[in-house]
Amino acid sequence: MVNGVASLENAQVHHLSFLANPRYTTAAQNSSAGALLVAESVEMPDRDLIRLEDPYRGFARIMQYF
């Protein structure tokens, strides 16, 4: 269950975070976030991913609810 949003660095298991820039792929892989919003082409085994055309835009919209 996700009950908040956070940056890749600050996220905990109950947070949702996002990866919009491939430069931060390692940070996303090492993040403690419970789930990540990512581009449709991103593959990260053993991670809970929500694939979107524009993960940054999706994260901005979801932030409105938290």
Side-chain angles (χ1 to χ4, degrees):
M1 176 179 277
V2 172
N3 64 11
V5 295
S7 66
L8 291 170
E9 298 81 17
N10 295 320
Q12 298 299 314
V13 70
H14 58 272
H15 290 128
L16 176 68
S17 193
F18 76 102
L19 172 65
N21 185 328
R23 174 190 332 184
Y24 299 105
T25 299
T26 299
Q29 291 171 329
N30 295 327
S31 177
S32 295
L36 297 168
L37 297 176
V38 298
E40 294 169 342
S41 62
V42 171
E43 293 293 331
M44 282 190 213
D46 302 322
R47 293 303 313 248
D48 290 322
L49 305 177
I50 300 170
R51 291 185 174 90
L52 301 170
E53 184 176 326
D54 185 347
Y56 181 79
R57 182 175 172 205
F59 190 75
R61 292 188 70 190
I62 288 171
M63 282 181 53
Q64 297 173 16
Y65 297 100
F66 288 100

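Shown here is Y56, whose OH atom has no more than 12 heavy atoms of other residues, nucleotides or ligands within 6.0 Å. Atom CE of M44 is surrounded by more than 12 heavy atoms from other residues, nucleotides or ligands within 6.0 Å. Around CD of E53, the count of heavy atoms belonging to other residues, nucleotides or ligands within 6.0 Å does not exceed 12. More than 12 heavy atoms of other shown residues, nucleotides or ligands fall within 6.0 angstrom of atom CZ in R51.
For the pair V13 and S32, the minimum side-chain heavy-atom distance is 4.5 Å or more. Between R47 and V38, every side-chain heavy-atom pair lies at or beyond the 4.5 Å cut-off. Under the 4.5 Å side-chain criterion, counting only non-hydrogen atoms from C-beta, H14 is not in contact with M1. Side-chain contact between L8 and L36 is present, with heavy atoms from C-beta onward closer than 4.5 Å.
One finds the CG atom of L37 at 13.0 Å from the CZ atom of R57 (value rounded to the nearest 0.5 Å). How far CD of E9 is from CG of N30: 10.5 Å, rounded to the nearest 0.5 Å. For the atom pair L16 CG and F59 CZ, the distance stands at 6.0 Å (nearest 0.5 Å).
Looking at every heavy atom in both residues, S17 comes nearest to A6 through OG-O, 2.8 Å.
A chain of hydrophobic side-chain contacts below 4.5 Å, direct or via other Ile, Leu, Val, Met, Phe, Trp or Tyr residues, connects L52 to V5.
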